[in-house]
Amino acid sequence: MKRKILCVLLISILLSTYNIKVLAASVDSLNKSKSQAEAGKSEAQAQLNSIQSEKKSAMEEVSEISSQMSAVQAEIDGLQSQLDELNNSISTKESEIEEKEKDIEAKQELLKTRLVAMYKNGNISYLDVLLGSSNYIDMIASYDAVKEIADADTNLINQITAEKGELEEKKKELEEQKKQVDTIKEEKEAKNQQLAAKKAEKDARVSQLTADEKAKQAEIDKFNSAIASADAEIRRQVEAAKRSSSSSSSSSSSSSGTSYSSGGRGSGSLGWPLPSRYASYSYITSYYGRRAQPTAGASTNHGAIDIGVSYQPVYAAESGVVVTATYVSGYGNFIMIWHRSRGELYTCYAHLSQYLVSSGSSVSRGQQIAVSGNTGISTGPHLHFEVRSGGSSSGCRVDPLNYLSL
Ligand SMILES: [Zn+2]
């Protein structure tokens, strides 16, 4: 007998703590998934930081390469204008040489004409005509004069030829210079091409890192929303708990105006757990305290009141959270509600025929939670109604009549 009672006590203690643990476990698991998301976020953040620092240095390299390329390009441009100048000088020299050539040709033509006239014709009258001399002496003198002219022509041709040679020499020098500048320019262009290839490589790396950065940021956003939704869910559960406390405390102050702990029979503020037509001492079939055992397995120290009704709606005596709604040996179908707003205050409903709520549900005062019945150790249909103050264990059972507003 005693063992059975002990069992009932133990089971009810275990079950009530179990259900509180279930509620705490829900918040615990939310906190756990939040921590996991936070850990994932820190990892992703660390990766993002390294991506961003690599990107930063890659971009610095790109900018360094770009300025090197600009410098090399400026050198190339300088070399190009040197080349342009050299080309101009060379073509100037070329046209000067051409002029000299024409000049030489013309002078040679003239000289040839004169020499031909002098030697082949040997014709004084031609010379006469040429020089306007009218006698032999004059002719001789004129001959000398022609020779002088021919000599002068030859000298001039030699001089021009020498000048042309100088020009050609100069032109050669310019061409040599041009060749050198061309070589330097080609080297610079090759260097610039190398730089451009390096830059293209770095540019590709920067784009890759930018894509990585974007993906990592999206990952972090995902973690952030997981953290936010875990937070919101935790907040929602806390708010729900708060709401049920505020609704119960407001109804407690308005319903009877007396404190639940004021003592005295029926002077409390808990609501009657059955339809109001049964709200009468005449329905109480068993009071709190020591009693004769009504049936085998039933307690002799009754920690509750029994209300003799058949299958009737059972109402929550106060707002709270259902911490237990399960079959308990002895109690039968059993509900325990924690009225968190009142600290460690619980109400229990036993021998129920039907549950309308489950563990973890929030209930409001006067809400139907069950149908009374005859399950467990019971002599007939009745509602066994317990109040536990200071904790959920059966050792905390107090006289419900001190808490009810009967
Ligand atoms: Zn009872």
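We count ligands from 1, going down the list as the structure has it; atoms in each ligand are counted the same way.
For a distance bound of 2.8 Å, the N, O or S atoms of His302 include one lying that close to the Zn ion (ligand 1). Put simply, His382 stays out of reach of the Zn ion (ligand 1), with no N, O or S atom under 2.8 Å from it. Using a cut-off of 2.8 Å, one finds that Asp306 contributes an N/O/S atom close to the Zn ion (ligand 1).
A distance-only check finds a donor-acceptor pair linking the side chain of Thr375 to the backbone of Leu352 [under 3.5 Å].
Side-chain contact between Pro273 and Ile307 is present, with heavy atoms from C-beta onward closer than 4.5 Å.
Lys170 has a carboxylate O that lies under 4.0 Å from a charged side-chain N of Glu173, or vice versa, which qualifies the two as a salt bridge.
Nearest N/O/S atom of His384 with respect to the Zn ion (ligand 1) is recorded as ND1.
Of the options Phe334, Phe385, Tyr331, a ring pair (Phe, Tyr, Trp, His ring centres under 6.0 Å) to Tyr349 is made by Phe385 and by none of the others.
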